[in-house]
Amino acid sequence: VSLVESGGGLVQPGGSLRLSCAADGSIRNAYWMAWYRQAPGQERDMVASLTAADRPNYGDFVKGRFTISRDNTRNTLNLQITNLRPDDTAMYYCTVEFQRLEYGEWEYDDYWGQGTQVTVSS
């Protein structure tokens, strides 16, 4: 599965962005999906995740400003961000994980996109 993120850019503090992650195959049966971000010199942190049952989970720093969702008809994973702050500046990556049964054991295949840059500055 190939993933391509889009929607990043330069935005002023307080602004909003909608990031999208387009998959070249179906994500309907994905086991787990998530957005991560990584600022220069920092570790990659999970921003938001979504289970197969569409149950979201958010990083502690999100504080209600991020909303993760998916569109199975378009095979996209989305991240709506509001009230952007300068410390939200980072490269944002999406990842999708599929589960499969192989020789009686569950195996997991993870796919990552190349990232989309978000820069928050006045």
Side-chain angles (χ1 to χ4, degrees):
V1 174
S2 175
L3 303 174
V4 178
E5 299 96 334
S6 64
L10 174 64
V11 63
Q12 292 188 342
S16 300
L17 280 176
R18 181 177 176 83
L19 307 183
S20 288
C21 171
D24 66 351
S26 176
I27 62 170
R28 185 179 301 276
N29 295 321
Y31 179 75
W32 184 78
M33 296 159 284
W35 284 93
Y36 281 73
R37 72 182 188 185
Q38 186 170 24
Q42 303 294 318
E43 292 185 354
R44 189 173 292 192
D45 294 321
M46 193 200 75
V47 174
S49 66
L50 203 61
T51 68
D54 285 333
R55 188 173 295 118
N57 185 43
Y58 296 97
D60 290 340
F61 55 84
V62 166
K63 298 186 188 302
R65 298 184 298 118
F66 293 47
T67 304
I68 189 171
S69 64
R70 66 167 161 174
D71 185 338
N72 288 333
T73 61
R74 291 182 171 83
N75 295 319
T76 59
L77 179 69
N78 305 305
L79 185 70
Q80 181 71 41
I81 314 173
T82 61
N83 194 22
L84 278 154
R85 308 183 310 213
D87 61 0
D88 292 320
T89 296
M91 185 72 80
Y92 284 70
Y93 300 91
C94 68
T95 181
V96 177
E97 183 174 80
F98 291 92
Q99 183 187 51
R100 57 185 167 88
L101 192 61
E102 187 166 301
Y103 303 113
E105 299 284 338
W106 286 112
E107 299 288 339
Y108 298 89
D109 301 311
D110 297 312
Y111 301 89
W112 289 83
Q114 295 298 308
T116 184
Q117 177 68 39
V118 172
T119 302
V120 185
S121 175
S122 56

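Bear in mind that the values here come from a model prediction, so they are computed numbers and not experimental data.
How far OG of Ser16 is from CD of Gln80: 6.0 Å, rounded to the nearest 0.5 Å. Atom CE of Met33 is separated from atom CG of Leu50 by 4.5 Å, given to the nearest 0.5 angstrom.
Of all heavy-atom pairs spanning Asp71 and Arg74, the tightest one is OD2-NH1, 3.0 Å. Across every non-hydrogen atom of Leu101 and Gly104, the tightest pair is CD1-C, 3.7 Å. Between Val118 and Leu19 the shortest heavy-atom distance is CG2-CD2, 4.0 Å. Nearest heavy atoms, Ser26 versus Asn75: CA-OD1, 3.2 Å. The shortest non-hydrogen separation linking Ala90 to Gln117 is O-NE2, 3.4 Å.
The 12-atom threshold is exceeded at CD of Glu107, counting heavy atoms of other residues, nucleotides or ligands nearer than 6.0 Å. Residue Glu102 qualifies as enclosed at atom CD: its count of foreign heavy atoms under 6.0 Å is above 12.
Counted by atom type alone, Ser20 and Asn78 present one or more donor-acceptor pairs between their side chains at under 3.5 Å.
Counting heavy atoms from C-beta on, the side chains of Pro13 and Pro86 come closer than 4.5 Å. Within the 4.5 Å cutoff, side-chain heavy atoms of Met46 are placed close to those of Asn57. Counting heavy atoms from C-beta on, the side chains of Trp32 and Asp110 never come closer than 4.5 Å. In this structure the side chain of Asp54 reaches within 4.5 angstrom of the side chain of Arg70, judged on heavy atoms. The shortest side-chain heavy-atom distance between Ile68 and Leu77 falls under the 4.5 Å cut-off. Annotation: side chain of Gln38 is not in contact with side chain of Asp45 (no heavy-atom distance under 4.5 Å). A heavy-atom distance below 4.5 Å is not found between the side chains of Leu79 and Leu17. Side-chain contact between Arg65 and Asp88 is present, with heavy atoms from C-beta onward closer than 4.5 Å.
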- Message: Working note: Tyr58 + Ser49, criterion side-chain contact (heavy atoms from CB on, under 4.5 Å); need CA distance, chi angles, decisive distance, verdict.
- Response: CA-CA 6 Å; Tyr58 296 97; Ser49 66; over 6 Å; no
- Determine, step by step, whether Ile81 and Tyr92 satisfy the side-chain contact (heavy atoms from CB on, under 4.5 Å) criterion, reporting the C-alpha distance in whole Å, the side-chain angles of both residues, the deciding distance to 0.1 Å, and the verdict. CA-CA 12 Å; Ile81 314 173; Tyr92 284 70; 4.2 Å; yes
- Message: Test side-chain contact (heavy atoms from CB on, under 4.5 Å) on Val62 and Val47; report intermediate values, then the result.
- Response: CA-CA 7 Å; Val62 166; Val47 174; 4.2 Å; yes
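For an aromatic pair to be called close, the ring centres must be under 6.0 Å apart, and Tyr36 with Trp112 satisfies this. Taking the centre of each ring, Phe98 and Tyr108 stay at or above the 6.0 Å mark.
Of the possible polar contacts, one joining the Thr95 side chain to the Tyr111 backbone as a donor-acceptor pair under 3.5 Å is found.
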In a table with atom names and distances, give each donor-acceptor pair under 3.5 Å that connects a side chain of residues 2-9 to protein atoms at least two apart or in another chain.
residue, atom, partner, partner atom, Å
Glu5, OE1, Gln114, N, 3.0
Glu5, OE1, Gly115, N, 2.8
Glu5, OE2, Cys94, N, 2.9
Glu5, OE2, Gly115, N, 3.2

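Geometrically, Arg37 does not engage Tyr93 in a cation-pi contact defined by less than 6.0 Å to the ring centre and at most 45° from the axis.
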